[in-house]
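Quantities reported herein were computed from a predicted structural model and do not represent experimental measurements. Throughout, a chain's letter reflects where its sequence line sits, starting with A, and its residues are numbered from 1.
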Amino acid sequence: GAVVSQHPSWVICKSGTSVKIECRSLDFQATTMFWYRQFPKQSLMLMATSNEGSKATYEQGVEKDKFLINHASLTLSTLTVTSAHPEDSSFYICSAPERSGREKLFFGSGTQLSVL
Amino acid sequence: GQNIDQPTEMTATEGAIVQINCTYQTSGFNGLFWYQQHAGEAPTFLSYNVLDGLEEKGRFSSFLSRSKGYSYLLLKELQMKDSASYLCAVRISGNTPLVFGKGTRLSVIA
């Protein structure tokens, strides 16, 4: 089946630094990727929709200048958390829809971000 | 807004059957998905329903009633490894991203 690769799996950084998370579709082309955030014992909350070759669409309440999304190719989308703060500590996960008709989402392995 | 409800926690015995319910009130409907998620890991796809009825896949079955805005996931012959969170998600329309419920944490005990 389709595979979405995400890295790093975990990152610890100091407050004020920026962190880049990469999401790659390994055996299919993903014109669209979705970025979710999940706090402990909470649901997956959609942050933004990444579109290849165009600007990302952000959900209400998500700061586009803080969470920079780049989808430069059909297989790579990146999320950069700029000037990270402790409240940004969360599990970030990307996903891409399959193209077989059932349109289920394939998820990356997730990135646990801890900001000190 | 979109509303997807499922129980927060459930406990069941190894070898038993458990049913996890999900109700939804959404502005549109283009499919309901169930995912399994172990702590700290990515969700893995379990099932997809877009028409009313029961979809069976091994030990897992999923049911949908669109008129009632209701679905359930049925897990048979429970195993300890089934202890995880089970996420109900709805696609509102077309190729829009999934909207997830808060998940049901299932604990399987001996």
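Taking all atoms of both residues into account, the shortest heavy-atom contact from B:Gln37 to A:Phe91 is NE2-CE2, 4.1 Å. For the pair B:Ala42 and A:Gly108, the tightest heavy-atom approach, listed with the atom from each and the gap, is CB-O, 2.7 Å.
Taking chain A as the reference chain and counting heavy-atom pairs below 4.5 Å, the highest number among B:Gly103, B:Pro43, B:Gly40 is found for B:Pro43. Counting heavy-atom pairs closer than 4.5 Å to chain A, the top residue among B:Gly101, B:Ala89, B:Ser85, B:Ala39 is B:Gly101.
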Under the side-chain contact (heavy atoms from CB on, under 4.5 Å) criterion, do B:Lys102 and A:Lys41 qualify, and how do the steps go?
CA-CA 8 Å; B:Lys102 291 186 176 181; A:Lys41 298 185 178 181; over 6 Å; no

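Heavy atoms from other residues, nucleotides or ligands lying under 6.0 Å from CD of A:Glu59 number more than 12. Residue A:Met45 places its CE atom among 12 or fewer non-hydrogen atoms of other residues, nucleotides or ligands, all under 6.0 Å distant.
Looking at A:Tyr36 and B:Leu98, their side chains come closer than 4.5 Å, going by heavy atoms from C-beta outward. Looking only at side-chain heavy atoms (C-beta outward), B:Tyr35 and A:Leu105 come within less than 4.5 Å of each other.
Both the backbone and the side chain of A:Leu44 come within less than 4.5 Å of a heavy atom in chain B. Contact of A:Gln38 with chain B is made through the side chain alone, with heavy-atom distances under 4.5 Å.
Linking Ile, Leu, Val, Met, Phe, Trp and Tyr whenever their side-chain heavy atoms come within less than 4.5 Å leaves B:Phe63 and B:Tyr24 in two separate clusters. Residue A:Met47 is grouped with residue A:Ile69 when hydrophobic side chains (ILVMFWY) are merged at heavy-atom distances under 4.5 angstrom, including chains of intermediate members. Linking ILVMFWY side-chain heavy atoms closer than 4.5 Å, directly or via other members, places B:Leu32 and B:Tyr72 in two distinct hydrophobic clusters. When hydrophobic clusters are built by joining Ile, Leu, Val, Met, Phe, Trp and Tyr residues whose side-chain heavy atoms come closer than 4.5 Å, directly or via intermediates, B:Val99 is grouped together with B:Ile20. Residues A:Trp35 and A:Val11 share a hydrophobic cluster, clusters being chains of Ile/Leu/Val/Met/Phe/Trp/Tyr side chains in contact below 4.5 Å.
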